[in-house]
Amino acid sequence: MLKIGNIEIKNKIIIAPMAGVSNIAFRTIMKEFGAGLIYAEMVSDRALNYRNEKTMKMIRVVDEERPLTMQVFGADKESIVQGAIILDKESNCDIIDINMGCPVSKVVKSNAGAKLMLDPKTAYNIVKAVVENVKKPVTVKMRSGWDSENINAVEIAKLCEKAGAKAIAVHGRTRVQMYTGKADWSIIKDVKEAVNIPVFGNGDILTPEDALKMIEETNCDAVMIGRGVLGNPWLVKQTVEYLETGKYKKDISYIEKIKHLINHMNKLIDLKGEKIALLEMRSHAAWYVKGLRGATYVKRRISHLSTKQDLLNLFDEYIEYLEKGPE
């Protein structure tokens with residue numbers, strides 16, 4: 001049984017935080033498909049301290065999705081500590097994660113996210129201060145380094161462990177790589193060998209076979225999946241089954257995909273209202289139908305829909321089209 005502090009994680013499948021995606025609707029679906037631990041999308045320490053209305057809604061957690069990690073980003077020690085205290089006292093999350101991996105320009109320009117890896121002393125001081133001021137376990141998510149000349153995940157991981165972090169997640173890409181190129185899993189292996197706390201491997205997990213390969217190559221304690229589950233929550237269930245039994249159900253019918261797409265839409269409408277949910281479903285629907293016959297036409301149509309009924313009608317038509325088979 002994997003444990004993060006006093007929090008038990010039932011399996012080795014962890015869902016990465018994804019901005020604009022990892023809300024309650026998405027997270028409860030990931031839990032339904034069997035994820036052991038889910039990360040919420042990152043929130044700003046300053047927005048927490050200003051009690052920004054949107055941010056305070058983002059830190060709400062429902063019991064069905066627990067255990068859950070809430071992730072905070074920032075670069076100022078006092079500010080990030082105060083933000084973490086708010087998460088500790090006012091969010092129903094189980095774990096607090098400090099983001100040292102986000103590569104997005106507006107985050108690194110404020111010296112937060114992956115930029116913290118260029119300042120090991122500040123990174124250490126932030127983790128230590130947060131650990132000392134909250135009751136929940138603290139973890140850190142990082143990249144392999146800033147660029148190919150600055151691969152320092154091992155150094156930062158050791159400092160985070162010394163500061164009291166209970167686990168480390170390592171994305172095997174540098175900040176400069178963003179999400180391109182190939183993740184270097186050897187960095188994950190090096191971090192695992194360097195620390196005594198759990199290490200989660202992140203990067204290029206697109207199949208259950210990828211997950212097993214990462215565990216075998218790096219000895220990581222769990223795999224963290226991000227983009228691979230977009231429109232494909234079955235990857236979670238398949239990977240859990242594969243790691244436990246060595247086999248899994250491969251074929252997912254188009255009926256099942258569309259059923260879950262509509263379920264996702266309904267959850268988003270409950271969470272955000274029809275107007276915003278339909279805008280967000282343009283991306284999700286495109287991910288769900290990816291690879292299906294006629295998917296390009298559906299993606300084009302979705303961008304012009306503005307009501308739930310419009311989308312239901314479109315997918316009724318699409319199912320009829322798929323049932324007829326290739327012409």
Visitor: Who are the salt bridge (charged side-chain N to carboxylate O under 4.0 Å, His left out) partners of Lys192, not counting sequence neighbours?
Guide: Asp221
Visitor: Mind listing the side-chain donor-acceptor pairs of residues 4-15 below 3.5 Å, one per line with the distance, residues two or more places apart or on another chain?
Guide:
residue	atom	partner	partner atom	Å
Asn11	OD1	Ile13	N	2.9
Asn11	OD1	Gly36	N	3.1
Asn11	ND2	Gly34	O	2.8

Visitor: Residues two or more places apart in sequence or in another chain: which of them pass salt bridge (charged side-chain N to carboxylate O under 4.0 Å, His left out) with Asp204?
Guide: Arg173
Visitor: Identify, with sequence neighbours excluded, every residue that meets side-chain contact (heavy atoms from CB on, under 4.5 Å) alongside Ile86.
Guide: Leu48, Asn49, Arg51, Met56, Ile59, Glu90
Visitor: Output every pair passing side-chain hydrogen bond (donor to acceptor under 3.5 Å, both in side chains) with a member in residues 62-76, not counting sequence neighbours, ordered by first then second residue.
Guide: Arg27-Glu65, Asp63-Asn92, Arg66-Asp94, Gln71-Asp97, Gln71-Asn99
Visitor: Could you work out, with salt bridge (charged side-chain N to carboxylate O under 4.0 Å, His left out) as the rule, every residue matching Arg300, not counting sequence neighbours?
Guide: none
Visitor: Using side-chain hydrogen bond (donor to acceptor under 3.5 Å, both in side chains) as the criterion, list what pairs up with Asn150, not counting sequence neighbours.
Guide: Asp147
Visitor: Among residues at least two apart in sequence or on other chains, which ones pass salt bridge (charged side-chain N to carboxylate O under 4.0 Å, His left out) with Glu41?
Guide: none
Visitor: Test of understanding: with side-chain contact (heavy atoms from CB on, under 4.5 Å), list the residues that count as partners of Lys213, not counting sequence neighbours.
Guide: Trp185, Glu217
Visitor: Can you sort out the partners of Trp287 under ring pair (Phe, Tyr, Trp, His ring centres under 6.0 Å), two or more places apart, ordered by chain and number?
Guide: His284
Visitor: Just checking, is any N or O donor in the side chain of Glu317 or Asn313 under 3.5 Å from an acceptor N or O on the other one?
Guide: no
Visitor: Please tabulate, for the side chains in residues 105-118, all donor-acceptor contacts under 3.5 angstrom to protein atoms that are two or more places apart in sequence or on a different chain.
Guide:
residue	atom	partner	partner atom	Å
Ser110	OG	Val107	O	2.7
Asn111	OD1	Lys115	NZ	3.3

Visitor: Which residue pairs pass the ring-ring contact (aromatic ring centres under 6.0 Å, His included) test with at least one member in residues 19-70, sequence neighbours excluded?
Guide: Phe33-Trp234, Phe33-His260
